[in-house]
Amino acid sequence: MATRDAGDPARDDRANYDYHSDSVARTGFVSDLVTLVDGEVRFDEYSRQLYATDASAYEVTPIGVVFPTSTDDVASVMEYCADREIPVLPRGGGTSLAGQSVNEAVVLDFTRHMGDLLDFDPEAETARAQSGIVLGELNRALAEEGLKFAPDPAWRDKSALGGAIGNNSTGSHSLKYGKTDAYIEECEVVLADGTVTTFGDVTLDELREGAGDDSLEGRIYAEVLRIVEEERDAVAEVFPQLKRNVSGYNLDRLVEEAEEGHVNLARLLAGSEGTLAIVTEATVSLEPIPETKAMALLTYGSLNDAMEDVAPILDHDPSAVEVLDNVLISLAEDTEEFRDVVEMLPDGTDSVLLVEFYATDDEDGREKVSKLRDDREGVRALSAMEAHDEDERARFWKLRKSGLPILLSRTTDAKHISFIEDSAVPPENLPEYVADFQQVLEDNDTFASVYAHAGPGCLHVRPLVNTKSPAGVNQMESIADAVTDLVVEYGGSVSGEHGDGRARTQWNHKLYGDHVWEVFRDLKTAFDPDWLLNPGQVCGDVDMTENLRFDPGYEFDSGFDPTLNWENENGFEGMVELCHGCGGCRGGQETTGGVMCPTYRAADEEITSTRGRANMLRQAMSGSLSDEEQFDVEFMHEVMDLCIGCKGCAKDCPSEVDMAKLKAEVEHEYHERHGTSLRDRIFGNIDRLSSLGSAFAPVSNWATELPGARFVAEKVLGIASERSLPTFHRETLEDWFEERGTRVSEEEATRRVLLFPDTYTNHNHPEAGKAAIRVLEAADVHVRIPSGVAGSGRPAHSKGLLDTAREQAETNVDALSSFVRDGWDVVVVEPSDAVMFQSDYLDLLPTDESSGSSSGQYTEPRSAAPEAGGLRTEAERLAANTYGICEYLDAFDLDLPLSGEGSLTYHGHCHQKATKKDGHAVTVLRTAGYEVDALDSGCCGMAGSFGYEAEHYSMSKAVGSILFEQVEESDGGEVVAPGASCRTQLGDWQGEEPPHPIQKVDEALR
Ligand SMILES: Cc1cc2nc3c(=O)[nH]c(=O)nc-3n(C[C@H](O)[C@H](O)[C@H](O)COP(=O)(O)OP(=O)(O)OC[C@H]3O[C@@H](n4cnc5c(N)ncnc54)[C@H](O)[C@@H]3O)c2cc1C
Ligand code: SF4
Ligand code: SF4
């Protein structure tokens, strides 16, 4: 009897994946650890590769990974490793930007099992949590009592409390709140010898008392006491006077606290990057959530003017001051979403400052903004815009973040990498510092944008550098050397936010001088006598030019010639190497843009995230796996198969990593090498088989309902027995239309539409197609169903049968192009088929050499009646003139007599979300008179044939359960969903398949 566990999808005994590989290193070590801990111990090849990167430019393969379930687990691992002098690295979300969360060590990933909120005392305004809790989740729980953990790193929905302590994280509101260290009250820690203890506030007398003890803890007390007694002046002399300094150990806070007769050892851990002790639990103090906020956007003629204005703006006591320079403004202008905001900026705007105030109420907020405007507008600022309601403020903040994804989408070898991206100086020194910084970039023949936290003087600057070349590596080091000179000159810090790690550790020596550098090393030795905890970082020997992910020795070899068109991605390699490791795809539904990455959310495993897959692919193609291993069965099952091809990452990932396209390419190559299974051939050619299904209906339907038929389907074909198979209609949509004929003649029509008879609509859901035709005709559109077309190619494409998909694309382009040239529009009822025409055909069909067409964007006006072009040109024209049914009604604002009533719950299709076409159905339904609750849902988990496959059934359900919960929580009424797969998944869950939105529009026709 198969296990059907609702938790981990891999526990279904049909699942052919377990998230790791069979090739395990150091088996003796593993078997020892397995007896010592309750959590999983993974030393296999895949797990080690998966934890070899973070969001930095570095890559170091760890010894293995352990997922502790308790403090005891952590202590056991530490004690065992200490006895054998094996390094250990505690890790949260792995979102660090300086390389401090990768090392040749045993990684302890706290995010899997140690993420609980343990205690919350709203009156005392404190909370206690395990170190793996994600900050966003912590704050969602605290918000119920109007409280929050105040430090707000931008990636708080992906990063953990332990990581925030490790990096002493902070965010845009550091002007108000400072850094994480200000909020740590107490930590339960595991020391370097495996001892479990609690660090918190101790008086100097208690410190003295403890220092007499001959334990590791006693030796730590003794060294801390020595530092506060003997090094106070040395520390005061070299530590910069800044709100933002996370370089080195937190000695300035320590000696300052000692002035009051006590120190907090837990706060000394802030910014220690896992090098002093492992935090298992922490008690943190909380802040009230501000009543409301108000914002001003000030514009400037130059970046220097903006920088000059920061200090006077700080006199107004803002909660945040953020800068955006001309590089990012022009990138934002290139985005559809922000073009209008950028166009509102006055001529001559070069840079902007976003200024936010906390306010007691709207009036208070308006008054603060008004005073700021009176003071700054027309003085140095050219103009100002205001935002008071939540949506407008969110738009301003989004503008600040809008250009960065474009910077990070570079598919060239040169990338905007982080190595000197968060240096900080006192705000009054910003103008000179920024000018000198730009000179350094110019001297090194590169450029960067300047953005982020101008208020506390911490700017983000990522120079464009190609570390694959020796010259690029030299350039990187030369820039870092020159900028750290500037930092010292202007009284700043080499890291104002992201920590030391591999990129900055060496510069701490320059920043703090020989003496304090040695004090750091003595402190490290006291805590960790054998330097086993995250060795090399903060005051160790890591070199910024070593262990780069892309270095001069890096070689890429995919092992095959790609079959898709990768011109827009700078080649297949460009896309394989695009993920920069930020971990955005590890976020919750509401934090990632909506869709990415459903399989990570379902399984909570790094290998099921887009980052995991991208890392595995890149590592496989750059030498970590042999050519055979790259495409062996295990690699396909564990790494590629579980990507459900939802395309969520192509839109939601800041770098727009298109894993669905990568998967299609790799799967195609897999078929080339290993042949194609019968089931893949059936699913990939479902359009052809569906014709037979309809021809033999109802017999074909009875056959699938015969007792034992599902059992046989699972045994023979691997189709999950729980699934109801699609019902074929004897009368297809084409049959119905041929019989009925058109109701609006071409002559009297306002527009002409070819309704593409996609397989699902034609054979399985003709009622949706009939509704589409009736609605179009009600809007005086002349409709025809084209002949001579093939299936859209979507099923073949999603199975990696790219030759079949290409043949179908060619047939369809051939059949439809003369109509499109003549001004006809193509409309498709099934969203994933519409997106096939709109997007995937351009990947399948090569560039026309004669036309030079390669953009993937057809720009000719739709009204023109141009000459016939090559296949690719025609495909681009077809893409530009194809619409989903609701998109079509909305895009042309078709006049319809509608009077819908009642309320609907709308679940959109992930492919439409990925191509930013999902809003149309909601607009159309609302225009039709319905109240609509549009779910912020991701993929339904069915993903074409994926959910039918026995080994993927449990994963499909786990992904679907996120949607089911959203439906249950919705206030809306009847569910509607444009995707046929989504309707099957929802139908299997609620007992009845929901309708396509166009059916509700049809119902609303008067
Ligand atoms: C797009 C992007 C934006 C970012 N924005 C910000 C920002 O606004 N502000 C900011 O401060 N940072 C920012 N960061 C950096 C990073 O996200 C934060 O520093 C974050 O708090 C790190 O959390 P994490 O869980 O990912 O930590 P990890 O990267 O996993 O670990 C960070 C360090 O803490 C140590 N550590 C982890 N857990 C423990 C533990 N239990 N005990 C002891 N040490 C531990 C690790 O060894 C490592 O040295 C950003 C990163 C990205 C990719
Ligand atoms: S896939 Fe995208 S979101 Fe995920 S880590 Fe890579 S760059 Fe970040
Ligand atoms: S296509 Fe979907 S499932 Fe695959 S990696 Fe991207 S977001 Fe995840």
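For the numbers below, each heavy atom of this structure counts, side chains included, while hydrogens, waters and symmetry mates do not. Numbering of ligands and ligand atoms starts at 1, following listing order.
Which parts of ligand 1 touch Val279 is read off a 4.0 Å heavy-atom cut-off, strictly below it: atoms 40 (C), 41 (N), 42 (N), 43 (C). For ligand 3, the atoms closer than 4.0 angstrom to any heavy atom of Arg613 are 3 (S), 4 (Fe), 5 (S), 8 (Fe). Close contacts between ligand 1 and Phe110 involve ligand atoms 41 (N) [criterion: under 4.0 Å to a heavy atom]. Those atoms of ligand 3 with a heavy atom of Met659 less than 4.0 angstrom away are 5 (S), 6 (Fe). The ligand atoms of ligand 1 that sit less than 4.0 angstrom from a heavy atom of Ala164 are 21 (O). Close approach to Asn534 involves these atoms of ligand 1, each under 4.0 Å from a residue heavy atom: 47 (O), 49 (O). For ligand 1, the atoms closer than 4.0 angstrom to any heavy atom of Cys582 are 53 (C). Residue Gly583 has at least one heavy-atom neighbour below 4.0 Å for each of these atoms of ligand 2: 5 (S), 8 (Fe). Within the listing of ligand 1, atoms 23 (O), 24 (P), 25 (O) sit less than 4.0 angstrom from a heavy atom of Ala160. Interface of Thr610 with ligand 2, defined as ligand atoms under 4.0 Å from a residue heavy atom, comprises 1 (S). Using a 4.0 Å cut-off to heavy atoms of Gly581, the atoms of ligand 2 that qualify are 5 (S), 6 (Fe). Every atom of ligand 1 with a heavy atom of Leu89 under 4.0 Å away is listed here by number and element: 47 (O).
Heavy-atom separations between Asp54 and ligand 1 are all 4.0 Å or longer. The closest approach between a heavy atom of Ala614 and any atom of ligand 2 is not below 4.0 Å.
In summary, Arg128 and Glu186 engage in a salt bridge, as defined by a charged side-chain N under 4.0 Å from a carboxylate O. Electrostatic pairing of Lys179 and Glu497 does not count as a salt bridge here, judged by no charged N lying under 4.0 Å from a carboxylate O. Salt bridge annotation for Lys799-Glu949: present, with a cationic side-chain nitrogen under 4.0 angstrom from a carboxylate oxygen. Classification of Glu59 and Arg618 as a salt-bridged pair holds, one side-chain N sitting under 4.0 Å from a carboxylate O.
Shortest contact from atom 6 (Fe) of ligand 3 to any protein heavy atom: Cys649 SG, 2.3 Å. Atom 8 (Fe) of ligand 3 has as its closest protein heavy atom Cys597 SG, 2.5 Å. Ranking the protein heavy atoms by distance from atom 4 (Fe) of ligand 2 puts Cys585 SG, 2.4 Å first. Distance from atom 3 (S) of ligand 3 to its nearest protein heavy atom, with residue and atom name: Ile644 N, 3.5 Å. Nearest protein heavy-atom neighbour of atom 2 (Fe) of ligand 3: Cys646 SG, 2.2 Å.
Taking 4.5 Å as the limit, some side-chain heavy atom of Asp54 sits within range of a side-chain heavy atom of Arg91.
For ligand 1, one of its N or O atoms has an N or O atom of Gly94 under 3.5 Å away. For ligand 1, the polar-atom distance check against Gly92 finds a nitrogen or oxygen pair separated by under 3.5 Å. Considering backbone and side-chain atoms together, Asn167 places an N or O closer than 3.5 Å to an N or O of ligand 1. The shortest N or O to N or O distance between Ser169 and ligand 1 is below 3.5 Å. Taking only nitrogen or oxygen atoms, main chain and side chain alike, His453 does not reach within less than 3.5 Å of ligand 1. Taking any N or O of Pro90, backbone or side chain, at least one lies under 3.5 Å from an N or O belonging to ligand 1.
A donor-acceptor contact closer than 3.5 angstrom links the side chains of Thr280 and Glu188. Looking only at atom types and distance, the side chain of Arg549 has no donor-acceptor partner in the side chain of Thr53 under 3.5 Å away. No side-chain N or O of Asn167 forms a donor-acceptor pair with one of Ser169 less than 3.5 Å apart. The closest side-chain donor-acceptor pair between Arg586 and Thr111 falls under 3.5 angstrom. Side-chain contact, Trp397 with Glu322: no donor N or O sits under 3.5 Å from an acceptor N or O. The closest side-chain donor-acceptor pair between Tyr17 and Asp641, if any, does not fall under 3.5 angstrom. Of the N and O atoms on the side chains of Ser495 and Asp422, at least one donor lies less than 3.5 Å from an acceptor on the other residue.
Without hydrogens or angle criteria, Thr608 side chain to Thr599 main chain gives a donor-acceptor distance under 3.5 Å. Checking side-chain atoms of His416 against main-chain N and O of Arg462 turns up a donor-acceptor pair under 3.5 Å.
Among Asp652, Asp840, Asp658, the one residue that satisfies the side-chain hydrogen bond (donor to acceptor under 3.5 Å, both in side chains) test with Lys647 is Asp840.
Because the distance cut-off is set at 2.8 Å, Cys579 qualifies as a neighbour of atom 6 (Fe) of ligand 2 through one of its N, O or S atoms. The distance from atom 6 (Fe) of ligand 3 to the nearest N/O/S atom of Cys643 is not under 2.8 Å.
Classified by interplanar angle (parallel below 30°, tilted 30° to 60°, perpendicular above 60°), the ring pair His909/His911 is perpendicular.
Residue Arg156 does not touch ligand 1, judged by heavy-atom distances below 4.0 Å. Contacts of Ala55 with ligand 1, taken as heavy-atom pairs under 4.0 Å, involve the side chain alone.
Comparing Gly171, Pro151, Ser131, Ala277 against atom 43 (C) of ligand 1, the shortest heavy-atom distance belongs to Ala277. Of the listed residues (Ala154, Gly166, Ser96), the one carrying the non-hydrogen atom nearest atom 6 (C) of ligand 1 is Ala154.
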May I have the step-by-step check of salt bridge (charged side-chain N to carboxylate O under 4.0 Å, His left out) for Glu577 and Lys415, ending in yes or no?
CA-CA 11 Å; Glu577 294 173 356; Lys415 297 197 187 292; 5.3 Å; no
